[in-house]
Amino acid sequence: MILGLFYSLTLPAFADQQFRIKSIVVSGNQSFNKEDILQLIDVKIGEIYNQDSVKNDTEKISNFYRNKGFLYVRVIESPNVINDEVFLRIIIDEGKIRSFTLTGNTKTKDNVILRELLLKKDKVYIEADRKESERILRQKPFIGAAKIESEWNDELQGVVIHVTVTEFFSLTGAFDPGINNQTGYFLLQIKETNLFGTGQGSQIRYERISEVGEKTRGFVTMKYRIPRLFDSYIDFDGQYIQNREGDSWSVLLERPQYSLKSRWSARLGISELINQVRWYEHGTRTDTFEETRNKASGNIIRYFGDRHHQNYLGFWFDSLRTNYLSIESVGQSEASPSDQEIRRVGITLGRRNIGFHQTRFLRGMGGDEDFVTGSLYNLSVGYSSPIYGSERTETFTSLVFNSGWESMDRLFATGLIGFSTGFTDKIEHTDIQSHCTFYFRDVFNTGDIYRVDKGYRKNGLIDFHQTILFQFKSEMQYGWRGESQVLLGADNGLRGYAFREFSGEKMMVFSLESRTLCGGSIFNSINNGLTKVATFIAKPFVKNRIIDLGLVMSLTSFVDFGYIWDSENAFNAQDVKRGVGFGLRGSFAKVSDAGIFRIEVAFPLDPTPPKSIKPHFFYGIERAF
């Protein structure tokens, strides 16, 4: 205000006279150096001062800043005449943040939300920081939606930030008496993803794994997660598993690339895991092994570039000791997993082009999703040697290509190709994986029928949202015979057949699926009824809060094509297995990490004799839509 008044009083005194510019001084430019600013302007030292020209130059500077995301920049020219010469000062106020307001966080503490933001008090406001801060908040398991808005405040002479969040119900318990007819399920669980509003997570569960044709196994798992350990960017994850084979545990310390502006990341993990490994021949289990894996690994990665285009260089190490103990053997098989003690060191080179598109109902049901667009190329080369304790000398190479793109907010696609191989004087083993997915979202352009922050929209008795999904995935192993195998069945996409009906060395699966998301006043009424029941049940534990579970449901129909083969058999199109079916899926969109329940019936069109075409039922809980 004072500078503006000074300018308005001094300029008329010499507006009709000609004075030469003696000097040009730029101040307030914290984000860009003086040379960058001076290159933008046309006015030069020694020229006749012209008010219109200077105003044009200040506008150029303002546009330069705004194009970089500095939405609240103010540029003021302050000419001062001494001895018939103009000393021109260009003052830049880049737009600093003065205060924050938070709404919607009834449980989460204010500082837990504020620490996640890239926007900080007394720092310059940048639009890209706002968008990324929203994305960081949405990634938290206890937040379903986040909105950050900004405005200029004349009284504070700065920017005020308004943060609005929609919290998930984070304290969950589950009693599951066996609602999955093919694979594992929880029997009893207590989970909290936002302990006392601190953002820390804990879990205690008793889990029973009951797979088709296998004995039921039970074990206890305890987990604890501390994000932002001691207010740093380091995350801590600890896990302990108790089962009859032996106790397993793991500890992980990770400094992720928290922001795309962050220049480095690091990871250190140690674990001892005891599991059962099973071998199948023609859909029948022939061998069972007890596997003990002692592992230590770590890496550190340095990033170069801007938010959207980055190169990176990393160094890593792996130490793995694996032992197998035969527990049971039934019939003849090729199973012969070998004990290993491998220690590798390596280097990673990569490049990625990063973009994000906010959408819904691709992999989740109801919550905002950040779909990653762009591409990633990653090459890792490692070397193991007896010099540092490895049982053999071996070179390891891994190459990964990953991409994603979207068009018109309706067509989304992802692609992944991974290649890894290990070799000594010859190629020992190779694994190739590929996976691509196409989503044609909102086929009839009806719009979002449900949002976590707003609930169901009012659009009649019945409302719907149609999505078509096409998916292809494959895995091919070379040199792993007896050590590892590829399985095909209902567990990896070939619905209508047994859980692990087919085994081999190479497989591929095509799937086409139609998803009809259901809405309207009928489903809104169902959700309102559940809300009243949940609020009544939780009343002794959660005071003065409505427990809206956010029930979302979808009808599905699908057709799957699967094929599996090995090195001894050539490709034969007549051996392709087909399955068709339909089902119901749903989720409690406002409950943290609720999972997605599935009820499906599928028919195998090419059953293995003497089996007939009869329906296969599946009911259970999964993690992705």
Side-chain angles (χ1 to χ4, degrees), residues 104-108 112-113 137-146 164-177 179-180 184-207 221 223-225 227 360-370 448-456 517-519 523-554 584-599 619-625:
N105 56 316
T106 57
K107 179 179 180 179
T108 310
V112 172
I113 294 178
L137 287 177
R138 287 195 295 266
Q139 292 171 351
K140 301 303 172 185
F142 48 89
I143 293 180
T164 304
V165 299
T166 301
E167 291 180 321
F168 282 141
F169 186 66
S170 59
L171 176 60
T172 59
F175 173 72
D176 189 342
I179 63 169
N180 193 319
Y185 59 89
F186 299 122
L187 179 65
L188 181 63
Q189 171 181 283
I190 299 176
K191 185 175 183 179
E192 171 62 87
T193 58
N194 189 14
L195 192 64
F196 304 118
T198 63
Q200 299 181 16
S202 61
Q203 182 184 75
I204 300 176
R205 72 184 183 191
Y206 172 74
E207 183 178 5
T221 301
K223 297 182 179 180
Y224 201 88
R225 172 175 171 78
R360 279 164 292 281
F361 303 117
L362 292 186
R363 301 184 182 94
M365 297 187 71
D368 290 341
E369 301 178 41
D370 294 299
D448 290 331
I449 69 172
Y450 180 85
R451 291 176 59 106
V452 167
D453 53 346
K454 298 179 180 179
Y456 284 103
L517 201 70
C518 304
F523 289 91
N524 186 45
S525 299
I526 295 174
N527 182 59
N528 289 340
L530 288 175
T531 297
K532 293 179 181 179
V533 173
T535 302
F536 176 79
I537 294 175
K539 190 174 182 179
F541 311 100
V542 182
K543 296 182 179 180
N544 302 322
R545 184 177 178 183
I546 297 175
I547 308 301
D548 184 357
L549 301 179
L551 176 65
V552 180
M553 302 183 70
S554 173
L584 174 70
R585 294 181 190 173
S587 180
F588 296 111
K590 292 190 177 183
V591 178
S592 176
D593 199 24
I596 296 171
F597 60 82
R598 283 175 49 193
I599 303 174
Y619 46 90
I621 297 176
E622 296 190 347
R623 312 314 306 168
F625 187 15

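In this text the structure is predicted, and so the values were computed from the model without any measurement. What's counted below: heavy atoms across the whole structure, side chains too, no hydrogens, waters or symmetry copies.
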(Q) Rounded to the nearest 0.5 Å, what separates atom NZ in Lys140 from atom CG in Asn194? (A) 11.0 Å
Q) Among all residues two or more places apart in sequence or in another chain, which pass the salt bridge (Lys or Arg N to Asp or Glu O under 4.0 Å) test with Asp453? A) Arg451
**Q.** Other residues, nucleotides, ligands: >12 heavy atoms within 6.0 Å of Ile526 CD1
**A.** yes
Q: Mind checking the CG-NZ spacing from Leu195 to Lys107? Nearest 0.5 Å is all I need.
A: 7.0 Å
**Q.** Interatomic distance, Thr193 atom OG1 to Gln200 atom CD [nearest 0.5 angstrom]
**A.** 12.0 Å
Q: Taking Lys191 for its side chain and Asp593 for its backbone only, find out whether a donor-acceptor pair lies under 3.5 Å.
A: no
Q.
Pair Asn105, Glu167 - check side-chain contact (heavy atoms from CB on, under 4.5 Å), show working.
A. CA-CA 6 Å; Asn105 56 316; Glu167 291 180 321; 3.8 Å; yes
(Q) Distance check, rounded to the nearest 0.5 Å: Phe588 atom CZ versus Asp548 atom CG? (A) 11.0 Å
Q.
I need the single residue from Ser170, Ser592, Ser202 that forms a side-chain hydrogen bond (donor to acceptor under 3.5 Å, both in side chains) with Glu192. Which is it?
A. Ser170
Q: For this output row, return yes or no: ring centroids of Phe168 and Phe142 closer than 6.0 angstrom.
A: no
Q: Indicate the atoms forming the closest heavy-atom contact of Pro227 with Gly199, along with that distance.
A: CG-O, 3.3 Å
Q) Going by heavy atoms in the side chains, are Arg360 and Val452 under 4.5 Å from each other? A) no
Q: Specify the closest pair of heavy atoms between Gly595 and Ser587, including all atoms of both residues, with the distance to one decimal.
A: O-OG, 3.0 Å
**Q.** Short side-chain to backbone donor-acceptor contact, Asn527 and Phe523, under 3.5 Å
**A.** no
(Q) Would you compute the distance between atom CG of Leu549 and atom CG of Asn528 and round it to the nearest 0.5 angstrom? (A) 11.0 Å
**Q.** Close side-chain approach of Phe169 to Arg545, heavy-atom, < 4.5 Å
**A.** yes
Q | Donor-acceptor pair, side chain of Asp368 and main chain of Ala145, under 3.5 angstrom | A | no
Q.
Nearest 0.5 angstrom please: Ser525 OG to Tyr456 OH, how far?
A. 10.5 Å
Q: For the residue pair Thr108 and Val165, establish whether any side-chain heavy-atom pair is separated by less than 4.5 Å.
A: no
(Q) For a quick test of reading the model, state the closest non-hydrogen atom pair linking Glu369 to Leu362 and the distance between them. (A) OE2-N, 3.1 Å
Q.
Under 3.5 Å, is there a donor on one side chain and an acceptor on the other for Gln203 and Thr221?
A. no
